[in-house]
There are 2 protein chains.
Amino acid sequence: MDTTSEQERYQALDLILELVVLLNADMSRRLAADQLTPARTTVLWTLRGRGPATQRQLAEALDVSARNITGLVDGLAGADLVSREPHPTDRRATLVTLTRRGTQLVETLEAEQREFASLLFDDMPAPRLHGIVDGLADVVGRLKAEGLKAHE
Amino acid sequence: MDTTSEQERYQALDLILELVVLLNADMSRRLAADQLTPARTTVLWTLRGRGPATQRQLAEALDVSARNITGLVDGLAGADLVSREPHPTDRRATLVTLTRRGTQLVETLEAEQREFASLLFDDMPAPRLHGIVDGLADVVGRLKAEGLKAHE
DNA sequence: TATTGTTATACTCTATAACTATA
DNA sequence: TATAGTTATAGAGTATAACAATA
């Protein structure tokens with residue numbers, strides 16, 4: 001049998017949407033324990049990936065307004081997770097930088113994410129894991145192609 | 001080769017998280033075109049699934065405060081998508097009910113979701129789709145088991 | 001007394017527009 | 001003149017606490 005049924009396709013999307021809901025709930029719960037929100041965590045994650053950034057660069061990276069970044073950085077700075085450093089050549093700009101506490105927290109989050117991956121997949125048979133990785137990579141590719149079309 | 005590597009497990013989780021981001025963006029964009037938000041849409045979806053409900057029941061279904069439901073129903077009623085009907089036996093309660101417009105909108109959304117499933121999966125080889133469905137069902141099961149543990 | 005929903009209050013995330021300081 | 005970030009303002013989603021009407 002090499003054809004997919006409408007029902008099967010709908011079931012696949014349903015599973016994905018259910019997964020979205022469950023993961024959002026799970027992540028929000030974990031983050032709240034560290035007094036973090038998803039939006040602020042995204043800022044920390046971005047800084048970890050690319051190093052210090054101007055607020056303008058963060059706004060573009062998160063696809064969010066400059067005003068919004070001001071608020072997110074205010075919150076993170078208030079928790080001593082990032083600091084606003086002067087930009088070396090442009091006195092209008094600030095370089096948002098992870099503090100030591102921020103760096104430590106991000107490293108903890110990353111470790112927890114690896115633990116979480118272990119929890120979900122550790123005793124999963126290899127063929128099944130391969131099925132997920134191959135299939136989802138395909139779906140993500142299709143979604144991105146769609147997204148590009150939608151932006152035209 | 002029948003063992004999974006740490007790297008492969010981390011990659012699987014990464015793909016899932018990327019999917020979450022992409023789907024959230026995609027859905028929000030589609031809903032915004034109909035002047036809808038994710039939270040309000042969840043109310044509509046719940047009413048479609050189980051028929052008229054009291055606000056208290058909606059609060060439990062969405063796992064959200066009663067106050068929050070008041071606001072969501074206010075917004076939906078303002079758009080003529082739901083109405084507050086008197087409860088037949090309890091004069092304290094209201095029965096939130098889909099209007100004709102609300103019913104039509106939910107049906108449209110469901111049709112669009114089916115189209116979306118086609119778009120993602122139509123020309124995907126059957127084994128790959130099976131891999132996704134089996135793998136994700138497994139992951140969802142593990143997540144739910146975790147969630148239950150976390151609530152203890 | 002307990003429950004349903006609302007008002008009061010507050011915080012986060014989000015947006016646009018006007019403004020300041022610099023380029 | 002254009003750009004970086006802030007202040008002003010507004011709306012959605014979320015919460016807790018106090019309150020009114022009803023059970």
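We name chains A, B, ... by the order of the sequence lines, and we start the count at 1 in each one.
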Does a side-chain N or O from A:Arg40 land closer than 4.0 Å to OP1 or OP2 of C:dT14, or not? no
Whole-Å distance, A:Asn68 CG to C:dT14 P, equals 5 Å
- Message: Is the phosphate of C:dT6 approached by B:Thr70 (side-chain N or O, under 4.0 Å from OP1 or OP2)?
- Response: yes
Check: Taking only side-chain nitrogens and oxygens of A:Ser65, does any of them come within less than 4.0 Å of OP1 or OP2 of C:dT14?
Finding: no
Against the side chain of B:Asp90, the closest entry in C:dA15, C:dC13, D:dA23 is D:dA23
When rounded to whole Å, the CZ to C1' distance for the pair B:Arg91 and D:dA21 reads 9 Å
Identify whether NZ of Lys or CZ of Arg in A:Arg9 sits under 6.0 Å from the centre of the six-membered ring of B:Phe116 and within 45° of that ring's axis. no
- Residues B:Glu85 and B:Ser83: side-chain donor-acceptor under 3.5 angstrom: yes
Nearest-nucleotide check on DNA chain D, A:Arg92 vs A:Ala66; residue mapping nearer the 5' end is A:Arg92
Rounded to whole Å, CG of B:Leu72 lies from P of C:dT6 at a distance of 12 Å
Rounded to whole Å, the CG-P distance (B:Leu76 to D:dA12) equals 11 Å
Whole-Å distance, B:Ile69 CD1 to D:dT16 C1', equals 16 Å
### Query
Do the side chain of B:Asp34 and the main chain of B:Leu36 share a donor and acceptor less than 3.5 angstrom apart?
no
note: B:Gln55, atom CD; D:dA20, atom P; distance rounded to Å ~ 19 Å
Judged by nearest nucleotide, the residue sitting upstream toward the 5' end of DNA chain C, A:Thr89 or B:Thr94, is B:Thr94
Between CZ of B:Arg56 and C1' of C:dA2 the distance, given in whole Å, is 11 Å
B:Asn24 atom CG is separated from D:dG13 atom P, nearest whole Å, by 14 Å
Problem - B:Thr97 side-chain N/O to B:Leu95 backbone N/O, donor-acceptor pair under 3.5 Å - result: yes
- Ignoring backbone atoms, establish whether B:Arg67 has a side-chain N or O less than 4.0 Å from OP1 or OP2 of C:dA10. no
Assess the residue pair B:Leu98 and B:Leu81 against the criterion (side-chain contact (heavy atoms from CB on, under 4.5 Å)); give the C-alpha distance rounded to whole Å, side-chain angles, the decisive distance to 0.1 Å, and a yes or no.
CA-CA 6 Å; B:Leu98 287 173; B:Leu81 295 172; 5.9 Å; no
